[in-house]
Amino acid sequence: MANKSIDHAFTARSLTSAASDPTYAGALSFMRRKYTKSLKGADAVVWGIPFDAAVSNRPGARFGPQAIRRAAAIFDNDPQYPFDRDLFEAMAVIDYGDCLLDYGNHQKTPATIEREAAKILASGAFLMSMGGDHFVTWPLLKAHAAKYGPLALVQFDAHQDTWFDDGKRIDHGSFVGRAVRDGVIDPTRSIQVGIRTHAPEDCGIRIIYGYEVEDMSASQIASTILDHVGDAACYLTFDIDCLDPAFAPGTGTPVAGGPSSAKMLSVLQKLGGLDMKGADIVEVAPAYDHADITAIAGASVAMHYLGLLAERRSRR
């Protein structure tokens, strides 16, 4: 027991130390990272955005950050597959907790998220956010574009989210179209993967539809993404409904005919060549989940983001 820890999220003495809490006990920060509002020394920040007032079908994604943190307990200590390394040996990562939102005044939500995200980005840290429904990506994109300029969007999703709106709606199905019209993302370098619905317009974004994903290998999908995005600064957003409901039943708008978690995680693992400036995982709604299937998939996506960062740091 001498080398074991407990409640590492509070007792950690270093931002780079590995945890050894029992998987069934201890404070449930993301991968047992230290809970703190201090950004000093952080290379990457994990942040929850518990918001789901923009959904067009089933609510519940406001509980996504809690569920992802709980599922991440299985990742807190061992070298992580497929990266075969302690992700936190040389990369300081904190859990910044959640964004405080006024549930009775949703019109203030976008500015609140954008303002807090900008504060985190100003520290120089990489921001990995956990939703929440997919609307939260809109203010996150604005904050990242303010720092890095127009971004290439790499979107894993069953839906295009390009429906038109008036620029004021709180809607998880229109933020991509708004981002194109407002110059926040560059549609010529952006790509959507796993789309299994139709929207009135594609906004000039490259689409790999769901059945194409089924016919392609993970290596082919990753190569298509890398070739299309090139050296552009990019933002990765992963709507968990990109996955087939067999692998992610706990989401608001599930669509049959999607890929497996194994295939999409394999794609993510191959995207180390991207100039990734920020990332999120959204639409995990645990009330519709079974045995944490969806939460585990969401936590795995988030862990892969950090794995890519750790690999990039090791190449410096």
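Remember, it's a predicted structure, so these values are computed and weren't measured experimentally.
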message: Checking Glu283 against His172: is there a side-chain donor and acceptor pair closer than 3.5 Å?
response: yes
- request: Could you go through the side-chain contact (heavy atoms from CB on, under 4.5 Å) check for Val45 and Val93 one step at a time?
  value: CA-CA 6 Å; Val45 173; Val93 181; over 6 Å; no
message: Is any side-chain heavy atom of Met31 closer than 4.5 Å to one of Leu87?
response: yes
- line: In short, Asp186 meets Ser190 closest at the heavy-atom pair O-OG, 2.7 Å
query: Counting distance only, does the side-chain N/O of Gln66 pair as donor-acceptor with the main-chain N or O of Phe63 below 3.5 Å?
result: no
task: Sequence neighbours left out, what passes side-chain hydrogen bond (donor to acceptor under 3.5 Å, both in side chains) with Lys270? Give chain and number order.
output: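 Counting only residues at least two positions away or on another chain, Lys270 forms a side-chain hydrogen bond (donor to acceptor under 3.5 Å, both in side chains) with Ser266.
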message: Can you tell me how the ring of Phe175 sits relative to the ring of His134, calling it parallel under 30°, perpendicular over 60° and tilted otherwise?
response: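 Judged by the thresholds at 30° and 60°, the geometry between Phe175 and His134 is tilted.
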message: Under a 3.5 Å cutoff, is there a donor and acceptor pairing between the side chains of Ser38 and Thr36?
response: no
- prompt: How long is the span from the CZ atom in Phe51 to the CD1 atom in Ile113, to the nearest 0.5 Å?
  reply: 6.5 Å
field: Flag, side chain of Arg196 to backbone of Ala158, donor-acceptor distance under 3.5 Å
entry: no
field: Test side-chain contact (heavy atoms from CB on, under 4.5 Å) applied to Gln160 and Val176, step by step
entry: CA-CA 7 Å; Gln160 293 173 250; Val176 175; over 6 Å; no
Close side-chain approach of Asp133 to Val282, heavy-atom, < 4.5 Å: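 No; the side chains remain at least 4.5 Å from each other.
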message: Tell me whether His228 contacts the main-chain N or O of Thr224 through its side chain, where contact means a donor paired with an acceptor under 3.5 Å.
response: no
task: Say whether Met264 and Ile240 are linked into one hydrophobic cluster, either directly or through other cluster members, by side-chain heavy-atom distances under 4.5 angstrom.
output: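 In one cluster: yes.
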task: Please step through side-chain contact (heavy atoms from CB on, under 4.5 Å) for the pair Ile191 and Ile207, ending with a clear verdict.
output: CA-CA 6 Å; Ile191 187 167; Ile207 297 175; over 6 Å; no
message: Looking at Phe88, is its backbone amide N or carbonyl O close enough to the side chain of Asp86 to form a donor-acceptor pair, meaning the two atoms are under 3.5 Å apart?
response: yes
query: Leu306 and Leu308: same hydrophobic cluster, using ILVMFWY side-chain contacts below 4.5 Å?
result: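 Hydrophobic grouping puts Leu306 with Leu308.
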- request: Report the distance from atom NZ of Lys34 to atom CD1 of Ile94, rounding to the nearest 0.5 Å.
  value: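 It comes to 10.0 Å.
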message: For Lys108 and Asp102: C-alpha separation, side-chain torsions, deciding distance, then whether salt bridge (Lys or Arg N to Asp or Glu O under 4.0 Å) applies.
response: CA-CA 8 Å; Lys108 289 187 175 181; Asp102 182 354; 5.6 Å; no
message: To the closest 0.5 Å, what do you measure between OH (Tyr305) and CZ (Phe238)?
response: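 The distance works out to 7.0 Å.
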query: If we only count heavy atoms from C-beta on, is the Phe75 to Ser300 side-chain gap below 4.5 Å?
result: yes
task: Give a yes or no answer on whether the side chain of Thr109 reaches the backbone of His106 with a donor-acceptor pair at less than 3.5 Å.
output: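 Present.
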- request: Kindly compute the distance separating CG (Asp280) from CD (Gln155), expressed to the nearest 0.5 Å.
  value: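 Asp280 atom CG to Gln155 atom CD measures 9.5 Å (nearest 0.5 Å).
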query: Same cluster or not: are Met130 and Leu265 linked, directly or through other Ile, Leu, Val, Met, Phe, Trp or Tyr residues, by side-chain heavy atoms under 4.5 angstrom apart?
result: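 Yes, Met130 and Leu265 fall within the same hydrophobic cluster.
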- prompt: Just by distance, do the side chain of Arg189 and the backbone of Val229 share a donor-acceptor pair under 3.5 Å?
  reply: yes
Met303-Ile68 co-clustered via ILVMFWY side chain contacts under 4.5 Å: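 Yes, one cluster joins them.
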- prompt: Is the closest side-chain heavy-atom distance between Thr162 and Asp202 below 4.5 Å?
  reply: no
- request: Check whether any side-chain heavy atom of Ile281 lies under 4.5 Å from a side-chain heavy atom of Phe156, and answer yes or no.
  value: no
statement: d(Ile120 CD1, Arg115 CZ) to nearest 0.5 Å is 12.0 Å
message: Strictly by salt bridge (charged side-chain N to carboxylate O under 4.0 Å, His left out), give each pair with a member in residues 156-167 just once, sequence neighbours left out.
response: Asp165-Arg178, Asp165-Arg181
- prompt: At their closest point, which heavy atom of Gly41 faces which heavy atom of Ala92, and how far apart are they?
  reply: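 Smallest heavy-atom distance, with atoms named: O-CB, 3.3 Å.
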message: On a heavy-atom basis, which atom in Pro50 and which in Cys99 lie closest, and how many Å separate them?
response: CD-O, 3.7 Å
- prompt: Would a distance-only check, ignoring hydrogens and angles, find a side-chain to backbone donor-acceptor pair under 3.5 Å from Asp21 to Gly26?
  reply: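 Here the side-chain-to-backbone pair does not exist.
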query: Within 45° of the six-membered ring axis of Tyr96 and under 6.0 Å from that ring's centre, is NZ or CZ of Lys37 located there?
result: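 Yes.
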query: Looking only at atom types and distance, does a side-chain atom of Asp289 sit under 3.5 Å from a main-chain N or O of Ala295, one as donor and one as acceptor?
result: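 Yes; judged by distance alone, with no hydrogens or angles, the pair exists.
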query: Met276 versus Arg312: any side-chain heavy-atom pair under 4.5 Å?
result: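 A side-chain contact exists here, since the closest heavy-atom pair is under 4.5 Å.
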query: Pick from Val154, Ile221, Leu271: which one makes a side-chain contact (heavy atoms from CB on, under 4.5 Å) with Leu226?
result: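 That would be Leu271; it is the only one of Val154, Ile221, Leu271 passing the side-chain contact (heavy atoms from CB on, under 4.5 Å) with Leu226.
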- request: Mind checking the CD1-CZ spacing from Ile6 to Arg32? Nearest 0.5 Å is all I need.
  value: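 Interatomic distance, Ile6 CD1 to Arg32 CZ, rounded to 0.5 Å: 7.0 Å.
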- prompt: Between His304 and Phe83, how do the two ring planes meet: parallel, tilted or perpendicular, split at 30° and 60°?
  reply: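 The rings of His304 and Phe83 stand perpendicular, inter-plane angle above 60°.
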- request: Step through the shown structure and confirm whether more than 12 heavy atoms of other residues, nucleotides or ligands are within 6.0 Å of CG on Asn105.
  value: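 Atom CG in Asn105 is packed in, count exceeds 12.
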- request: State whether the number of non-hydrogen atoms from other residues, nucleotides or ligands found under 6.0 Å of Glu214 atom CD is greater than 12.
  value: no
task: Kindly indicate whether the side chain of Asp95, heavy atoms from C-beta on, has any atom under 4.5 Å from the side chain of Arg69.
output: yes
side-chain contact (heavy atoms from CB on, under 4.5 Å) between Lys277 and Phe126, intermediate numbers included: CA-CA 7 Å; Lys277 300 300 188 184; Phe126 180 92; 5.6 Å; no
- prompt: Residues in side-chain hydrogen bond (donor to acceptor under 3.5 Å, both in side chains) with Thr251, at least two apart?
  reply: none
query: Considering residues, nucleotides and ligands other than Glu89, do more than 12 of their heavy atoms fall under 6.0 Å from its CD?
result: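 Result for CD/Glu89: open.
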task: State, to 0.1 Å, how close Leu28 and Tyr35 come at their nearest heavy-atom pair, and which atoms those are.
output: O-OH, 3.5 Å
message: With a 4.5 Å cut-off on side-chain heavy-atom distances among I, L, V, M, F, W and Y, is there a chain of contacts connecting Met128 to Leu141?
response: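 No.
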- prompt: salt bridge (Lys or Arg N to Asp or Glu O under 4.0 Å) between Arg62 and Asp52: does it pass, once the steps are laid out?
  reply: CA-CA 5 Å; Arg62 69 180 63 186; Asp52 64 3; 2.8 Å; yes
query: Counting only N and O atoms by type, is there a donor-acceptor contact under 3.5 Å from the side chain of Arg70 to the main-chain atoms of Ser29?
result: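 Checking the backbone N and O of Ser29 against the side chain of Arg70, no donor-acceptor pair under 3.5 Å is found.
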task: Please report the closest heavy-atom contact between Thr197 and His159, naming both atoms and the distance.
output: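 In this case the closest contact between Thr197 and His159 is OG1-CA, 3.4 Å.
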message: Looking at Thr294 and Val284, would you say the former's side chain and the latter's main chain have a donor-acceptor pair under 3.5 Å?
response: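 No, the answer is negative, given that no donor and acceptor are paired below the 3.5 Å cut-off.
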task: Decide salt bridge (Lys or Arg N to Asp or Glu O under 4.0 Å) for Arg313 and Asp43; before the verdict, give the C-alpha distance in whole Å, the side-chain angles of both, and the deciding distance to 0.1 Å.
output: CA-CA 10 Å; Arg313 291 179 62 82; Asp43 299 312; 3.5 Å; yes
query: Would a 4.5 Å heavy-atom cut-off, applied to side chains only, mark Leu236 and Leu268 as touching?
result: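 Yes, side chains in contact.
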task: Can you see which heavy atom on Ala222 is nearest to which on Val267, and at what distance?
output: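 Smallest interatomic distance, heavy atoms only, reads CB-O, 4.1 Å.
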